[in-house]
Amino acid sequence: MNAADEFYIGWSGRTPAGYARWSRLAASVLIVSALVGGLTLLGAQRDPGPGTWDPNATVTLVGRVRADPGPILLIDAVEGDGRVPARAALLVSTGKFGAAGRVANMTGDPVRVRGTLINRGGFVVIELVDGAEAVTAASSAGNPEWPVEDLGIRTVRGEIVDPKCYSGAMKPGEGKVHRACAVRCLSGGITPVLVGRDESGLVGGFVLAGPRGEAINQRVLEFVADPIVVAGRVERHGGPDGVLVMRIDPAAIRRQ
Amino acid sequence: MSASYTGIGWNRQKRIYDAVMIASIVIFLGAFYGLGRVLFRPPHDATDETLLIRGLGSCAIIMLHIVLWIGPLARLQPRLAPLLYNRRHLGVGTFVLGLCHAAFATVQFHGFGNVNPLVSLLTSNTQYGSLARFPFEVLGLAALLILFLMAATSHDFWNRNLTPRFWKSLHMCVYGAYALLVAHVSLGTLQQERSPLILATVGVSVAVTIGLHLAGARREARTDRGSEPAAGDSGPWIDAGPAADLPMDRARIVCARGGERIAVFRHAGGVSAVSNVCRHQGGPLGEGKIVDGCVTCPWHGWQYRPGDGCSPPPFKERVETYRVRIVAGRVRVNPTALAPGTPVEPAVIEEGARV
Ligand code: FES
């Protein structure tokens with residue numbers, strides 16, 4: 001059979017030489033292109049950020065807790081040989097749920113907290129273990145004061161995230177692709193955080209609350225993952241290693 | 001029909017095809033995950049879930065490109081027919097990968113929360129009015145539903161029961177799914193990622209898809225321009241060229257202006273004309289060959305007798321036939337289709353004509 005006369009019939013089980021050559025060549029080119037294309041898509045992706053989280057490494061912390069302007073723990077001591085890279089941490093629950101309700105009546109109380117550490121560059125979130133053992137009364141608190149430094153009214157540009165995913169529970173845990181997840185987390189009560197910088201160069205995660213410290217989760221949902229700008233009073237809770245809190249009127253949020 | 005014909009079943013070609021497909025998918029996913037681990041090192045690593053979701057999604061959309069490219073490629077180079085032969089399995093594979101991508105993404109982004117993940121998928125973002133905030137997830141879901149319908153009806157059982165025409169229309173929806181997926185990527189990942197390489201990869205892929213289809217269509221359009229009415233002849237007969245130039249066991253495709261394509265075959269008994277459209281999936285019979293006395297479709301090898309357009313028993317498919325005659329050495333075809341399976345006496349080429 002000459003080349004022009006070749007004819008391929010799939011069910012016959014025979015592939016004429018010309019057909020086999022062409023098909024092998026094309027299949028190889030397609031498969032190699034697929035690999036090159038796929039790995040290009042992978043390699044060109046954005047840095048997922050420096051967040052870390054070991055969901056299996058439970059730590060026990062002693063400190064004081066309050067629910068307003070967000071469930072924040074000021075850490076006085078770490079039990080065992082753990083280390084926490086900040087003085088203050090935001091508390092969340094497992095899954096996409098917040099922890100404000102679990103510390104609601106404990107403002108200023110000394111507590112022992114069990115959970116796992118989610119940390120992104122010193123911005124620390126603690127995922128409380130399930131059940132009542134997560135937050136229990138502690139006998140003594142070395143330091144009864146709750147330092148708050150007023151940094152005045154600041155205008156911050158950035159993105160509203162859910163701090164749990166952003167800090168390392170998901171990587172990446174920000175941006176448009178993650179938007180729906182962040183909406184879910186904030187709907188579930190996780191305190192919104194504005195990640196950005198103000199005009200003076202103050203950079204970080206600003207825990208968002210209403211003017212009186214009330215939760216504003218529902219009112220910021222539509223802005224999640226968008227580039228925004230908003231002004232509000234900024235406070236630093238827990239001293240130099242503490243956490244930034246920003247009190248805003250959600251109606252004042254503008255998209256950039 | 002050839003005794004070796006086993007209908008719709010498994011055979012060596014399909015097994016090789018599937019083995020190559022599955023091996024390629026495994027290599028792709030393995031390379032994606034492995035390189036992801038190497039490129040993004042702790043603490044700047046991506047989570048396993050992220051690599052899995054992105055790997056599956058990338059693999060699915062790349063496979064869809066291959067599915068779409070094979071069609072015009074085989075049109076431009078008929079020797080690529082083996083790639084087309086089992087393309088349905090590529091399509092089903094694409095759906096399965098897309099489904100895994102969607103399932104993992106739904107669990108990851110919408111699970112473990114205060115509402116059902118599927119409700120969350122549809123309600124967590126409803127800003128349809130904004131391109132920047134558009135819920136791109138819903139586009140992927142719509143595409144997946146189309147791919148599901150296609151995968152679910154891909155078996156020849158459905159082709160037969162839904163009628164080949166309806167089946168073909170249903171499976172043309174792949175272009176709708178493709179458009180939805182390009183939008184899913186453009187309004188999702190592309191808005192988040194800053195690298196021009198990603199934009200370029202997507203752009204080139206879409207451009208190649210369009211380019212190949214245009215090239216394939218141009219080739220078909222040449223046939224479709226329509227043959228001239230035969231000179232000096234009364235009635236609607238159209239000219240199909242010199243009989244002597246028609247190669248043995250092969251066809252020339254002609255087309256009356258605005259009419260259906262007709263495959264004019266030369267075979268041992270003379271010249272016969274049948275519809276160019278295979279009953280199976282609309283394959284171009286005129287690009288086929290006479291094998292064992294039957295017109296054999298180049299796509300999956302379905303067969304029809306040239307004299308009456310009927311598949312040999314036990315098969316029951318039939319295509320339209322056309323009247324043919326030879327006048328002054330030129331083949332003429334009456335473009336009015338006869339009912340499928342109507343016997344037509346082949347036109348006989350006179351002795352001495354070149355083969
Ligand atoms: S289209 Fe499948 S055999 Fe013709």
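By convention in this document, chain letters (A, B, ...) are assigned in the order of the sequence lines, proteins followed by strands, and residues within each chain are numbered from 1.
- Under a cut-off of 6.0 angstrom, the local environment of CZ in A:Arg197 is sparse, with at most 12 non-hydrogen atoms contributed by other residues, nucleotides or ligands.
- Proximity to chain A involves both the backbone and the side chain of B:Phe134, based on heavy atoms less than 4.5 angstrom apart.
- Using a 4.5 Å heavy-atom cutoff, the side chains of A:Leu42 and B:Phe40 are in contact.
- With a 4.5 angstrom heavy-atom cutoff, B:Glu137 touches chain A only via side-chain atoms.
- Between B:His65 and A:Leu30, the closest side-chain pair of non-hydrogen atoms is not below 4.5 Å.
- Within 6.0 Å of CZ in B:Arg37 there are more than 12 heavy atoms belonging to other residues, nucleotides or ligands.
- In plain terms, the two heavy atoms of A:Tyr19 and B:Pro82 that are nearest each other are CD2-CD, 3.7 Å.
- Closest approach of A:Gly37 to B:Ile62, counting heavy atoms only: C-CD1, 4.3 Å.
- With chain B as partner, the option from A:Ala225, A:Gly168, A:Pro172, A:Gly188 having the largest number of non-hydrogen pairs under 4.5 angstrom is A:Pro172.
- Looking only at side-chain heavy atoms (C-beta outward), B:Gln127 and A:Arg179 come within less than 4.5 Å of each other.
- Under the 3.5 Å distance criterion, the side-chain polar atoms of B:Glu193 are matched with a main-chain donor or acceptor of A:Arg46.
- Between A:Asp5 and B:Lys289, the closest heavy-atom pair is O-NZ, 2.7 Å.
- With respect to chain B, the highest number of heavy-atom pairs below 4.5 Å among A:Leu41, A:Thr52, A:Thr15, A:Val183 belongs to A:Leu41.
- Listed options B:Thr50, B:Val204, B:Leu51 were ranked by heavy-atom pairs under 4.5 angstrom with chain A; first place goes to B:Thr50.
- Contact annotation: the side chain of A:Asp226 approaches that of B:Arg133 to within less than 4.5 Å [non-hydrogen atoms, C-beta and beyond].
- Between A:Met170 and B:Glu49, every side-chain heavy-atom pair lies at or beyond the 4.5 Å cut-off.
- The pair A:Glu6-B:Arg79 counts as a salt bridge, with a side-chain nitrogen and a carboxylate oxygen less than 4.0 angstrom apart.
- Here B:Ser120 is the residue among B:Ser24, B:Ala74, B:Ser120 with the most heavy-atom pairs under 4.5 Å with chain A.
- Of the listed residues (B:Val291, B:Ile27, B:Asp45), the greatest number of heavy-atom pairs within a distance under 4.5 Å of chain A belongs to B:Asp45.
- Once rounded to the nearest 0.5 Å, the distance linking CD of A:Glu222 with OG1 of B:Thr126 reads 9.5 Å.
- Heavy atoms only, all atoms of each residue included: B:Leu197 and A:Ala44 are closest at CB-CB, 3.9 Å.
- For A:Arg255, the part lying near chain B is the side chain, with the backbone staying farther off; criterion is any non-hydrogen pair under 4.5 Å.
- Among A:Phe97, A:Trp53, A:Tyr8, the residue with the largest count of heavy-atom pairs under 4.5 Å with chain B is A:Tyr8.
- You'll find the side chain of B:Pro78 stays beyond 4.5 Å of the side chain of A:Trp22, heavy atoms only.
- Once rounded to the nearest 0.5 Å, the distance linking CZ of B:Phe109 with SG of A:Cys185 reads 10.5 Å.
- Note: B:Gly288 leads B:Gly288, B:Cys59, B:Pro42 in heavy-atom pairs under 4.5 Å with chain A.
- Scanning both residues, A:Ala169 and B:Thr47, for their nearest heavy atoms gives O-CG2, 4.3 Å.
- For the set A:Val36, A:Val177, A:Ile31, A:Ile9, the count of heavy-atom pairs under 4.5 angstrom toward chain B peaks at A:Val177.
- Neither the backbone nor the side chain of B:Trp299 comes within less than 4.5 Å of any heavy atom of chain A.
- Minimum heavy-atom separation, B:Val107 to A:Lys96: O-NZ, 4.1 Å.
- Within the 3.5 Å criterion, the main-chain N or O of A:Glu174 finds a donor-acceptor partner in the side chain of B:Gln192.
- Put simply, of B:Arg12, B:Gln77, B:His110, B:Gln191, the one with the most heavy-atom pairs under 4.5 Å next to chain A is B:Gln77.
- Chain A forms more heavy-atom pairs under 4.5 Å with one residue of B:Val20, B:Leu35, B:Asn86, B:Leu39 than with any other, namely B:Leu35.
- For the atom pair CG of B:Asp292 and OG of A:Ser12, the computed distance is 10.5 Å after rounding to the nearest 0.5 Å.
- Between the CG atom of B:Asn125 and the NZ atom of A:Lys176 there is a distance of 7.0 Å, given to the nearest 0.5 Å.
- Top candidate by heavy-atom pairs under 4.5 Å with chain B, chosen from A:Ser187, A:Cys165, A:Ala20, is A:Ser187.
- Taking CZ of B:Phe112 as the reference point, atom SG of A:Cys181 lies at 10.0 Å (rounded to 0.5 Å).
- Heavy atoms closer than 4.5 Å to chain A are found in both the backbone and the side chain of B:Thr296.
- Within the model, atoms CH2 of A:Trp11 and NZ of B:Lys14 stand 13.0 Å from one another, a figure rounded to the nearest 0.5 Å.
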